[in-house]
Each structure stands twice: as structure tokens, then as C-alpha cells.
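Scroll down for the structure; my scribbles are underneath it.
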Amino acid sequence: STLLDFRDVDLVFPDGTAALDGVDLTVDRGEFVSIVGPSGCGKSTLLRIASGLESASGGAADVSTSRIGYVFQDATLLPWRSVQGNVELLAELNRAAKVDRTAKAAAAIGLVGLNGFEKHLPKQLSGGMKMRVSLARSLTLDPELFLFDEPFGALDEITRERLNDELLRLFTEQRFAGLFVTHSVSEAVYLSTKVVVMSGRPGSIVARFDVPFPMP
Ligand code: ADP
Ligand code: ADP
């Protein structure tokens, strides 16, 4: 079934900047869709519309789930909170009971391979570990749709490759659908079931292709 359905989506910002023009995009359950394209072509804007942070100015942008994960290049951790405290944050904002959010956070910390680091503070972690914390925090929502805005763009190449493998494993185990923005065509092909290429200002989709996905 379809989780995200964009039909002929346009976005013009209040200052007159046209960011998106006629974008048609669907993301179904079981799909991991990457969007590649140059800086400024509207990739982040598209994710912001998918998340509800921004509204389309034309067309129809339907998202049929409210369980949406969203991670950015900046892991956006609270520096005074431990790993456990950071991962509990979203469950806390959703007013989950303490015992539930502790259990959810513990499970998510396990999923991203950070067992034993629960009491560490962000400043004690490497960039790759901070990104794992950010992924774990979104996983506590049991996302059906997971949005990624160039999450590994600031990491060194080896850490990035490790996290790509972690993400592939999470995708196959946790069964969320993915929408992943990157500048890197090779990263997009490695991770995805489908690649969408954007270009232009305003941005539009100029190519799409399916990737034979190696299920483990
Ligand atoms: P990135 O490639 O990381 O998305 P950008 O330079 O395209 O970086 O944009 C960074 C942020 O700056 C955007 O997310 C947007 O909120 C803001 N921004 C970019 N261009 C404008 C603009 N013309 N007017 C107002 N805000 C802008
Ligand atoms: P990308 O993520 O592909 O780098 P963005 O989605 O950040 O591109 O931006 C698409 C276009 O919209 C760019 O030209 C950017 O400058 C512009 N833009 C982004 N945010 C705003 C904003 N809040 N107001 C005006 N223009 C913006």
C-alpha cells in the first residue's frame, strides 16, 4: 500500500522562490526510495512537505501515516542528556509513561548497536555514534515512513559505509518505508529499491529507476 503520494506538487515560498514544480512521487510499503540531485534542487523541501513541516502550494501531497521518523545530517542531540535520555525524548514528548519509554529506548539503543553506551553524553561520542543515537530516537516511534535528509553527509567514508550497512539491516528488519536524500548516486543505488533524480530550480524529477534489491 502507498504511504506517501505526491501528485503534481508545487511549492513557491512567500518570497517568490519556486522550489518544486510538478513533482509526482509515491513511496509504498517495502520501498526505500532515494532522491539524488544537486544542491538547491528542492530535496530538503520535499522532505519537509512529507513531514508536514511545510505545505505544498499546489497539487496534492498525501501522507497516510503519522508514524514518521526524520533524521538530518546534524544529529540534533541535547548535549546535557545521556544517550538514554536523548533516545527517550520523542516518547517523552508523546507523553508515554516512564516505564514504556525506558523500555522503548532500551530496545532502540540495542537496534543501533549502542548497548553499553546508555549513560554516555553526546560529547563523549563519535559522529557515527551520534547518528546512531539520532536513528534510535526516531525508531522509538515505530516509524512506518522514515525520512532521511543526507544523514551521513558529514561522516568520514568508512563510518558512512558502516552506517549504510546498519541502515540496510534496519530497513529489512524493521520494515519501515524509506525516503532518503543524498548527493551521492552510489549511496542511493546501494541503499535503495528505487532512485529518483531531481534537477533544476524549481526542482522537478528528471529520471527514475528501480534497483535490483539484494534481500539477505
Ligand atoms: P541544503 O543543501 O543543506 O538544503 P541550502 O543552502 O539549500 O542547504 O538551504 C539551507 C536552509 O536555508 C534551507 O533549509 C532553508 O530553510 C534556508 N534557505 C535557503 N534558501 C533560502 C532563501 N532564499 N530564503 C530563505 N531561507 C532560505
Ligand atoms: P536541496 O535540499 O536540494 O539543497 P532545498 O530544498 O533546501 O534544496 O531548497 C530548494 C530551493 O528553495 C533553493 O533554491 C533554496 O534556496 C530555496 N529555499 C529553501 N527554503 C526556502 C525558504 N524558506 N524561503 C525561500 N526559499 C527557500
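Read the numbers this way: they start at 1 and go in the same order the structure lists the ligands and their atoms.
Ligand-side atoms of ligand 2 in range of S39: 4 (O), range being under 4.0 angstrom from any heavy atom. Atoms of ligand 2 lying under 4.0 Å from any heavy atom of K43, numbered from 1 in the order shown and given with element: 1 (P), 2 (O), 3 (O), 4 (O), 6 (O), 8 (O). If you number the atoms of ligand 2 from 1 as listed, the ones under 4.0 Å from a heavy atom of T45 come out as 5 (P), 6 (O), 9 (O), 10 (C). Annotation for ligand 2: atoms under 4.0 Å from non-hydrogen atoms of D15 are 25 (C).
Taking a cutoff of 4.0 Å between a charged side-chain nitrogen and a carboxylate oxygen, K104 and D142 qualify as a salt bridge.
With a 4.5 Å cut-off on side-chain heavy atoms, V211 and T193 do not count as touching.
For the pair A19 and ligand 2, the shortest N or O to N or O distance does not fall below 3.5 Å. Ligand 2 has an N or O atom lying under 3.5 Å from an N or O atom of G40, backbone or side chain.
Contact between G42 and ligand 2 is present, with at least one heavy atom of the residue lying under 4.0 Å from the ligand. Ligand 2 has at least one atom lying under 4.0 Å from a heavy atom of P38.
No donor-acceptor pair closer than 3.5 Å links the side chain of T140 to the backbone N or O of A108.
Contact annotation for R48 and ligand 2: only side-chain heavy atoms (C-beta onward) come within less than 4.0 Å of the ligand.
The salt bridge (Lys or Arg N to Asp or Glu O under 4.0 Å) contacts involving residues 62-76 comprise R7-D62, where partners must be two or more places apart or lie in separate chains.
The closest side-chain donor-acceptor pair between T26 and D5, if any, does not fall under 3.5 angstrom.
L78 shares a hydrophobic cluster with W80, L89, L90, L93, L141; the chain of contacts runs through ILVMFWY side chains whose heavy atoms sit under 4.5 Å apart.
The 12-atom threshold is exceeded at CZ of R81, counting heavy atoms of other residues, nucleotides or ligands nearer than 6.0 Å.
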